[in-house]
Amino acid sequence: MSDEDDQVTCAECGFENPLEAERCQNCGADLPAAFAENLLAQVPGQEPFINKARITPAQQVHLRLLGEMLAVEGQALLLGISPRRAGYTTLRIGTSLVLFLVLLFSLLANKPVFTHPSLTSEALEARQLVYALTPGAPVLFVVDYQPGFSGEMTRLGQGVLAHILAQRAYPVFLSTHPTGPAQAEVFITDLGINTGIAYLTPDQYLNLGYLPGGPSGLLSFSQAPQQVMPLTADGNSAWQDPPLQTIQSLSDFSLVLVMTEDPDTARTWIEQAGPQLQGKPLMLLLSAQAEPSLRPYLESGSGQVQGMVSGVSGGVAYQDSAVFTLQSDTSGITWSAYSLGLWVGAILLLLAGLYGVFRLVREQENELSRGDKP
Amino acid sequence: MTQRRFPIFLLILAVAGGGIVLMGYWVDLPALVAVRNVLLRWAATLTGVAVLLGILNLLTVHWLKIIQPREGGVYSLVMLIAFVITFLVVAVDTPTGSWSVWIFRYIQLPVETSLLAILAVLLVVAVARLVVRRPDSFTLLFIGTAILFLVAATYLPGFDIPVVRSLRDWIVQVPVVAGARGLLLGIGLGVVATGLRILLGADRPYER
C-alpha cells in the first residue's frame, strides 16, 4: 500500500491526514471515513468497512448529503391538525356523503334515467365470436381480476358469459390469481341466480383453479394444458370427459377469453399465450382503466386480439344486444346509478375548478392593489 | 475459492436456462422444446413454492410480534387466527367448496370492494384539492379532460352532445393509443435489454 493509500484528504482544507484520523489535523473538520463510520454505526449489522475505502471529494459530498438525509429521517415530526387539515377532512366527508346519497337516491328511485350505450365495433366483433361457438365448444374463460373490481367486472362479464352458455358452449375457468377460483364460482353462481338456471360442474362448466408461475406458468399451460393443470379446483380429474378429452394445447380451445382489470396481466396473456393459439380467437373483457393501454393490440390488425368489451358501458351494451334475457335485469337501475355518480363527480370537479380560478383571480387582485399603494 | 466458484455456477445455470428457453422459440428441435417445457414447468412449480415460503415468512413475522409483545401485536394475532381458519376451511373444503366461497363472498369481496370505493371518493377529493390549491394551466387542462371523460362515458337524455362524444373518441383512439403504443414499445425494449443483460451475465439478480 502506498503512502497515498494510507492518507485521506480533508474536503475542507485539502490537508493530507492519516487514514485512521477522525478529524482533520489542520482545520478540525470531520473526515469522511470517520463520518461514514459514525453513519454506518447507526445502521444495525453494518461493519465500518468504509475506513478501508478511498473516497473522492465528490463522494465525500454525497456521503455528507446522505448523512443529513438520514439524520432528518430519524427526527420525529410533530403533526398537529392544522386548519387546512381540518378543512380537508370536511371536504372528504362532504364528498363521500354527496356521492353516497346520490347513489342511494338513484337506486331507491328505481327509475332508469340514462340511456343505455350502444355496442362499439370491437364489442360487435366480440359478439360475433361468441355467436360462432357451436354446442359443446370448449371456451377458456380466464378470471384474472382483483376482488375489489368485482362490481365493474361482474357487470361487464355477465352478459358475455350468459351468451356463451346460451350458445351451449363449455366454459373452462382458469385464473393466475389465487383468489380466481372462488371468484369464478361466485361469478357463475350469481349469473345462475340472474338467469334462473343452476349451472352445474362438470356438466355445464369446469373450474381448473389457480395457475401459478406467472408468464412461465402461462406459457407452459399454453403448450400442455393437461400436464400443467391435471386436476380441477375441487381435486377431480379435469380432462377425462368430453369436450375436453381432445385438448392437447391452447389452440384446441374454440375461444380464449381473458377478463382482467390489469393491463400487465392482459399483456402477458396476449404475448405468452397468443402465439400458441394458431389463429384461434383471443378476446378481452377489460376494466375501463385497462382499455386504453391494450387498444393497440386490437387496432394493430395483427389479429392478436379479435374482440374487446370494456367497462360497465360495454357490459351493459353487450347484455342489451344479445338474444337472451336475464330474469332479474337490474342493468337499467345500476347503469343510471353509475352514470349519475360520474356526473356528480364531474360537477364536483367543475365546482372545485371554478373555486380555484376565483381564488387565483382574487389573490392576483389583492397583489395588484398592494402594489398600487405607495 | 468455493465462494468464488458458486456465483459462476449460478451464472452458467442462469445463462443456460435462459438460453434454452429463448432458443426454443426459434429452433424447432424436439429435444430442445422438451427441455424448455421441463424448465418452464419447474419455474411454475418454484413460483408456487415461493408463495408458500412467502406465507411462511409472513407467519413467522406475525408470530414474533405476538410472542414479543409490542404495539400492534393484537393485529398479528387476528391475522394468524384468520389465516388458520381460512387455511383449514380451504384445505378441507377445496378452493371452490361452499364454505371457501362463503368466506370469499362475504368477507374478502366486501372488504376489497369497500376499499376501492373509498379510493374513488379520495380521487375526487384529491383532484378537487389540486385544482383549488394550484389552479395553473396544466391543472385546468387535466380537470377539463377528466370532466369530458366522465360526462362522455354516460348518456343523459338531452345532454348527449355528439361533439363531446366525438372528442372523447378521438382522444381515446389517437393520442391515448399513440401514448400506449409508445409505452408498449418501451416495455418491450426494456424487457429485451434486461433479458440480454441477464443472459450475458452483466446483471445477476440471483446473487443478491
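Residue numbers start from 1 in every chain, and the chains themselves are labelled A, B, ... in the order their sequence lines are given, proteins ahead of strands. Just so it is clear, the model here is predicted, and its values are computed rather than measured.
With a 4.5 angstrom heavy-atom cutoff, T179(A) touches chain B via backbone and side-chain atoms both. Contacts between A288(A) and chain B at a heavy-atom distance below 4.5 Å are absent for every atom of the residue. Contacts of L350(A) with chain B are made by both backbone and side-chain atoms, with heavy-atom separations under 4.5 Å. With a 4.5 angstrom heavy-atom cutoff, E291(A) touches chain B only via side-chain atoms. If you measure heavy-atom distances from A128(B) to chain A, the contacts under 4.5 Å come from both the backbone and the side chain. Interface remark: L116(B) contributes side-chain atoms only to the contact with chain A (heavy atom separation under 4.5 Å). Interface remark: L148(B) contributes no atoms to any contact with chain A (heavy atom separation under 4.5 Å). Heavy atoms closer than 4.5 Å to chain B are found in the side chain of Y297(A), but not in its backbone. In this structure, the portion of Q227(A) lying under 4.5 Å from any heavy atom of chain B is its side chain and not its backbone. With a threshold of 4.5 angstrom between heavy atoms, V186(A) approaches chain B through its backbone and through its side chain. Interface remark: L115(B) contributes no atoms to any contact with chain A (heavy atom separation under 4.5 Å). Both the backbone and the side chain of L349(A) come within less than 4.5 Å of a heavy atom in chain B. Proximity to chain B involves both the backbone and the side chain of S96(A), based on heavy atoms less than 4.5 angstrom apart.
Taken from CZ in F149(A) to OG1 in T154(A), the straight-line distance is 12.5 Å, to the nearest 0.5 Å. The distance from atom CG of L298(A) to atom CE of M308(A), rounded to the nearest 0.5 Å, is 4.5 Å. Taking OG1 from T113(B) and CD from Q146(A), the interatomic distance works out to 11.0 Å, rounded to the nearest 0.5 Å. How far CG of L130(B) is from OG1 of T139(B): 4.5 Å, rounded to the nearest 0.5 Å.
Between the side chain of D234(A) and the main chain of T96(B), no donor-acceptor pair closer than 3.5 Å is present. The closest donor-acceptor contact from the side chain of S100(B) to the backbone of T94(B) lies under 3.5 Å.
Heavy-atom pairs under 4.5 Å with chain B peak, among D190(A), T189(A), T232(A), L340(A), at D190(A). Interface check for chain B: of the options S313(A), G151(A), G217(A), S293(A), the most heavy-atom pairs under 4.5 Å are formed by S293(A). With chain A as partner, the option from I143(B), I103(B), V121(B) having the largest number of non-hydrogen pairs under 4.5 angstrom is V121(B). Of the listed residues T95(A), V312(A), I347(A), the one with more heavy-atom pairs under 4.5 angstrom with chain B than any other is T95(A). Top candidate by heavy-atom pairs under 4.5 Å with chain B, chosen from P296(A), S300(A), P212(A), is P296(A). Ranked by heavy-atom pairs under 4.5 Å with chain B, the list V357(A), L219(A), N207(A), L218(A) is led by L219(A). Of the residues considered (L184(B), L39(B), L183(B)), L184(B) shows the highest number of contacts with chain A, using heavy-atom pairs under 4.5 Å. Here P95(B) is the residue among A43(B), G144(B), P95(B) with the most heavy-atom pairs under 4.5 Å with chain A. Among the candidates L109(B), V127(B), L123(B), V176(B), the residue making the largest number of heavy-atom pairs closer than 4.5 Å to chain A is L109(B). Ranked by heavy-atom pairs under 4.5 Å with chain A, the list V21(B), I187(B), V51(B) is led by I187(B).
Annotation: side chain of L250(A) is not in contact with side chain of Q278(A) (no heavy-atom distance under 4.5 Å). The closest side-chain heavy-atom distance from L211(A) to S175(A) is not below 4.5 Å.
A centroid separation of 6.0 Å or more is found between the aromatic rings of Y199(A) and Y205(A).
For the residue pair S287(A) and Q289(A), no side-chain donor N or O sits within less than 3.5 Å of a side-chain acceptor on the partner.
Residue Y145(A) comes nearest to S150(A) through the heavy atom pair CE1-OG, 3.8 Å, listed as atom of the first residue, atom of the second, then distance.
Ring planes of F83(B) and F87(B): parallel class, angle under 30° (limits at 30 and 60°). The aromatic rings of H116(A) and W335(A) stand perpendicular to each other, their planes meeting at an angle above 60°, with 30° marking the opposite boundary.
No more than 12 heavy atoms of other residues, nucleotides or ligands sit less than 6.0 Å from atom CZ of F142(B).
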